[in-house]
Amino acid sequence: QVQLVESGGGSVQAGGSLRLSCAVTEYTYSIDCMGWFRQAPGKAREGVAAIYTRSGTTRYADSVKGQFTISQDNAENTVYLQMNILKPEDTAMYYCAADVGRRCFFPLSANQYNYWGQGTQVTVSS
């Protein structure tokens with residue numbers, strides 16, 4: 001059973017940085033892609049970044065290109081989201097997700113993923 005545990009959220013002022021971590025209990029070959037999503041109160045869950053675990057290919061939402069970077073450390077079974085130049089509109093609960101046992105065709109779509117972490121809160125103040 002794959003389990004995902006996020007950490008690294010917190011409160012930061014606008015312009016600051018945070019790095020989120022997602023520890024995966026079983027970073028198996030059956031995980032095709034990993035994604036980071038966020039959800040602000042009253043808004044739909046938004047895919048912000050994804051990584052194909054075997055190739056390292058990444059995908060980003062237009063809203064975070066050049067601002068966020070997704071990476072993985074296979075030895076540590078961990079996926080990271082480096083977030084720079086944070087803005088108040090980046091405030092949200094951030095979730096990581098894994099696509100296990102299936103091909104990853106839509107890496108920024110929540111429907112692609114079948115395993116989710118519990119989320120970590122990011123709050124950016126102006």
Side-chain angles (χ1 to χ4, degrees):
Q1 179 81 359
V2 174
Q3 293 184 338
L4 312 176
V5 180
E6 301 101 331
S7 60
S11 296
V12 65
Q13 289 193 326
S17 298
L18 283 173
R19 188 177 80 157
L20 306 183
S21 300
C22 176
V24 186
T25 57
E26 191 176 336
Y27 209 66
T28 71
Y29 192 77
S30 64
I31 296 178
D32 196 15
C33 63
M34 297 282 301
W36 281 99
F37 291 76
R38 65 185 179 187
Q39 188 166 21
K43 295 190 176 182
R45 189 166 294 192
E46 175 191 18
V48 296
I51 187 166
Y52 286 87
T53 58
R54 287 184 282 280
S55 67
T57 301
T58 57
R59 295 285 185 270
Y60 295 95
D62 289 343
S63 58
V64 304
K65 279 181 182 176
Q67 183 190 2
F68 290 4
T69 302
I70 188 171
S71 62
Q72 61 182 353
D73 184 334
N74 291 347
E76 295 293 329
N77 291 356
T78 302
V79 174
Y80 301 98
L81 185 68
Q82 178 67 43
M83 307 185 295
N84 297 326
I85 317 175
L86 285 162
K87 312 165 192 172
E89 51 264 42
D90 294 317
T91 295
M93 184 72 79
Y94 283 72
Y95 300 89
C96 73
D99 173 52
V100 180
R102 307 179 304 190
R103 290 286 303 279
C104 185
F105 293 108
F106 305 101
L108 294 180
S109 170
N111 291 334
Q112 179 68 59
Y113 296 89
N114 50 1
Y115 286 87
W116 292 82
Q118 82 288 350
T120 185
Q121 178 68 38
V122 171
T123 302
V124 184
S125 58
S126 58

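Keep in mind that this is a model prediction, so the values were computed, not measured.
- There is a side-chain donor-acceptor pair under 3.5 Å between Ser63 and Glu46.
- Between Thr25 and Tyr115, the closest side-chain pair of non-hydrogen atoms is not below 4.5 Å.
- There is no path of hydrophobic side-chain contacts, each under 4.5 Å, that joins Phe106 to Tyr60.
- Between Lys87 and Asp90 there is no salt bridge, since no side-chain N of the basic residue sits under 4.0 Å from a carboxylate O of the acidic one.
- Summarising the geometry of Ser125 relative to Pro88, their closest heavy-atom pair is C-CG, 4.5 Å, with the distance given to 0.1 Å.
- Inspection of the Ser17 and Asn84 side chains reveals an N or O donor paired with an N or O acceptor under 3.5 Å.
- Phe37 and Tyr80 fall into different hydrophobic clusters, defined by Ile, Leu, Val, Met, Phe, Trp and Tyr side-chain heavy atoms under 4.5 Å apart, directly or through other members.
- Across Gly119 and Met93, no two heavy atoms sit closer than the pair C-SD, 3.7 Å.
- If you chain together hydrophobic residues whose side chains sit under 4.5 Å apart, Ile51 and Met83 fall into the same group.
- A donor-acceptor distance shorter than 3.5 angstrom exists from the side chain of Gln112 to the backbone of Phe105, with no hydrogens or angles considered.
- Between Arg54 and Asp32, the closest heavy-atom pair is NH2-OD1, 3.0 Å.
- For Asp99 against Arg102, the heavy-atom pair with the smallest separation is OD2-O, 2.9 Å.
- Remark: Arg38 is not positioned above the aromatic ring of Tyr95, lacking an NZ or CZ atom under 6.0 angstrom from the ring centre and at most 45 degrees off the axis.
- Taking hydrophobic clusters as Ile, Leu, Val, Met, Phe, Trp and Tyr residues chained together by side-chain heavy-atom distances below 4.5 Å, Val100 shares a cluster with Leu4.
- In this structure, the separation between CE on Met34 and SG on Cys96 is 5.0 Å, given to the nearest 0.5 Å.
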Take Thr69 and Leu81, measure what side chain to side chain contact (heavy atoms under 4.5 Å, CB included) needs, and give me the verdict at the end. CA-CA 6 Å; Thr69 302; Leu81 185 68; over 6 Å; no
